[in-house]
Amino acid sequence: MSFKLSEGALSVILAGGNVDDPVMQILGHKKIAGTSSTTGSDRFRLLVSDGRHLNSFAMLATQLNDKVTSGELSDFTVIQITRYITSMVTNSDKGDKRVMVILDVKILALGTEVGFKIGNPKPITEGTEVETGGLKQPPPSRPVQPRSSTNLVNSSAPVLSSPGSSVNTHPISSLSPYQNKWVIKARVTSKSPVRTWANARGEGKLFSIDLVDESGEIRATAFKEQCDKFYDMIEVNKVYLISRCTLKTANKKFTNIKNDYEMTFTNDTQMIPCHEDTTDIPSLTYNFIPINTLAGLETNALVDLIGVCKSSGEVQSLISRNTNRELKKRDVTLVDESNTSVSLTLWGNQAEEFDGSLQPVLAIKNGRINEFGGGKSVSLMQSSVFQINPDITEAHKLRGWFDNVGSTQEQESLSSRTGMAGGALSSNWMTFKEVQENQLGCGEKPDYFTSVATVLLVRSENSLYKACPTAECNKKVIDQNNGMYRCEKCNREYPNFKYRLLLSVSLGDLSGNQWVTCFQEVAEVVLGTTSQEIGDMFHDDKQFREVFYKAAFKTYTFRLRAKMENYNDENRLKVTVVDAKPLNVQEYNARLITEIKEMAGVGNSAK
DNA sequence: CCCCCCCC
């Protein structure tokens, strides 16, 4: 990067003249403690160079002090002084002197990026001639773009006015928040759907794209107006010329795109399709890691993976606990040359359309690590890229390994085996005493366990409520006593409602007892009837109570979820029934016999 | 300015 300083600007300014937006280089700074007239805080004096002269009487406005402390105004930094004033001060031994107060600056290049003194500037001495040679016009006030080949650079930021023309572009890796004059030529490697949000800070919509060129990759996000303006125009795999986005520090928590920054579209953002030859722009870059290294990574970390889909499960349907919406998912098993396997979860259409029968190679960019039952798995997200049999060397290599070696080997699994009946990790059989001893539910996420237990008591009070009739909302409605029922969540009234159950049940097993909560579907199993029927008999107290009495002393295999909750500074284990199946006595006995044999060492010695 | 991404 080369920068042209506004040579001669200092002598003009110090002679009382004006130069618009001069570009200067900082060559030093000095703290003058507690000298700000307004705040009494520190002030900084800067040694600035216009490439021809040095001047150490530039003072920095105190509101810009943080730019010094943050290092943005370190030595060799090139700045554009966008606002300044000069004034005369009386200096006791040197007479009157003009000083420059810098009110606002634009950082064009950080000192660490520039790294040297530009030109050979000399101090302005008393009586330095004001060189009037070029002063009818102000000195060049803009940095000259490196090796410009177009007319893009005459404004403060490039305008992409002529699509397809030869544009001098910048590598993605050179982008930073300190330089806004760039054009990149980049391929869109992924594009998210438009998503809306609403929170305390406001609402809006957005989408993100990932961009790549030969130097690197970066994520760009368009909000609101820009979202509408650009969404339809942008196509994955196409190459665009892009300029005038703002850059900010990327949060690695949300992407593993290799860039410290991410871009945000602005009103001025230009993005136009590139009609030149784009074969030199790469299509997608992965940062694959071996599957076995997942074990050492944190939950929720984002990773790029490649593996052979050794097996694939069925599509499963489930109801999201957060949204009440139906979700479709499919778990597949990925293996690679580290001879390790991990479960990968596909969602929605990707889950439904996936065909694993030919054991394809799958490449994932930006997959998310999940943890369940002590195992690790990877889940696809909206922002993930998912490729089946990609035409890349890693995929071909993996294919060769799998067909020759991997397919016949047993891989060590990082994931809990949810498909295996009786698999210790997935079932997690526990008595209620063991649940306490093992402090289940004390982690950040809930713990799941399975228990054989008997219903001791079902509370009938407040067990039935009138709920919102819409499929996805089960909120309690308010009876308006005029034939209408109001749902606060939907913010509307309905002429009808549906009955739903929310049961408190005391369960007992051989070790103790535990109060649990059963929602609608499970509650109907436990009560042996439907919520509608119970609602219909609500006014017949005897019949109503009878249902609850009859539920007692039945034994089930319960799938339970435990999470510690805090009420008025008191911790209480909240246990919810996820599933209740009538006890299968044969299976239960078989398991007990196996456990007894293990405890007695009978199984081992019998071998 | 989002940052939710679901389930066992």
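As the structure is a computational prediction, the values presented were derived from the model and not from experiment.
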Requested in this report: Indicate, with a heavy-atom threshold strictly under 4.0 Å, whether A:Lys205 touches base, sugar-phosphate, or nothing.
Outcome: nothing
Requested in this report: Looking at every strand, decide which applies to A:Ser379 at a 4.0 Å heavy-atom threshold: base, sugar-phosphate, or nothing.
Outcome: sugar-phosphate
Query raised in the report: Between A:Leu302 (CG) and B:dC4 (C1'), how many Å, whole number?
Result: 13 Å
**Report entry** Gap between atoms CD and C1', on A:Glu521 and B:dC7 respectively (whole Å)
**Finding:** 14 Å
Query raised in the report: Is A:Arg219 near enough to B:dC2 that one of its side-chain N or O atoms lies under 4.0 angstrom from OP1 or OP2?
Result: no
**Report entry** Atom-pair distance (NZ on A:Lys252; C1' on B:dC3), nearest Å
**Finding:** 15 Å
Query raised in the report: Can a donor-acceptor pair under 3.5 Å be found between the side-chain atoms of A:Glu262 and the base atoms of B:dC3?
Result: yes
Query raised in the report: Separation of A:Lys328 atom NZ from B:dC6 atom P, in whole Å?
Result: 17 Å
Query raised in the report: Out of B:dC6, B:dC2, B:dC8, which nucleotide sits closest to the side chain of A:Val578?
Result: B:dC8
Query - Pair A:Asp228 + A:Lys205: basic N to acidic O under 4.0 Å - result: yes
Requested in this report: For the pair A:Lys581 and A:Glu587, find out whether any cationic side-chain nitrogen is under 4.0 Å from an anionic carboxylate oxygen.
Outcome: no
Query raised in the report: Is the phosphate of B:dC6, meaning OP1 or OP2, less than 4.0 Å from a side-chain N or O of A:Arg325?
Result: no
Requested in this report: Can you figure out which of B:dC2, B:dC6, B:dC7 approaches the side chain of A:Lys329 most closely?
Outcome: B:dC7
Query raised in the report: What integer distance in Å separates A:Met381:CE from B:dC2:C1'?
Result: 13 Å
**Report entry** Cation-aromatic face contact A:Lys224/A:Phe265, 6.0 Å, 45 degrees
**Finding:** no
Requested in this report: Give a yes-or-no answer on whether the side chains of A:Asn322 and A:Ser320 include a donor-acceptor pair shorter than 3.5 Å.
Outcome: no
Report summary line: A:Gln382 atom CD is separated from B:dC3 atom C1', nearest whole Å, by 12 Å
**Report entry** Which nucleotide in B:dC2, B:dC6, B:dC7 has an atom nearest any side-chain atom of A:Leu327
**Finding:** B:dC6
**Report entry** Shortest side-chain distance from A:Arg195, nucleotide among B:dC8, B:dC6, B:dC3
**Finding:** B:dC3
Query - Phosphate-side-chain proximity, A:Arg368 and B:dC6, N/O vs OP1/OP2 below 4.0 Å - result: yes
Requested in this report: Answer yes when A:Glu565 and A:Lys563 have at least one side-chain N-carboxylate O distance shorter than 4.0 Å, and no when they do not.
Outcome: no
Query - Whether A:Trp347 stacks on the six-membered ring of B:dC6 base, 5.5 Å and 30° limits - result: no
Query - Integer-rounded Å distance: B:dC4 P and A:Asn199 CG - result: 10 Å
Query raised in the report: Quick one: A:Leu318 CG to B:dC5 P, roughly how many Å, whole number?
Result: 14 Å
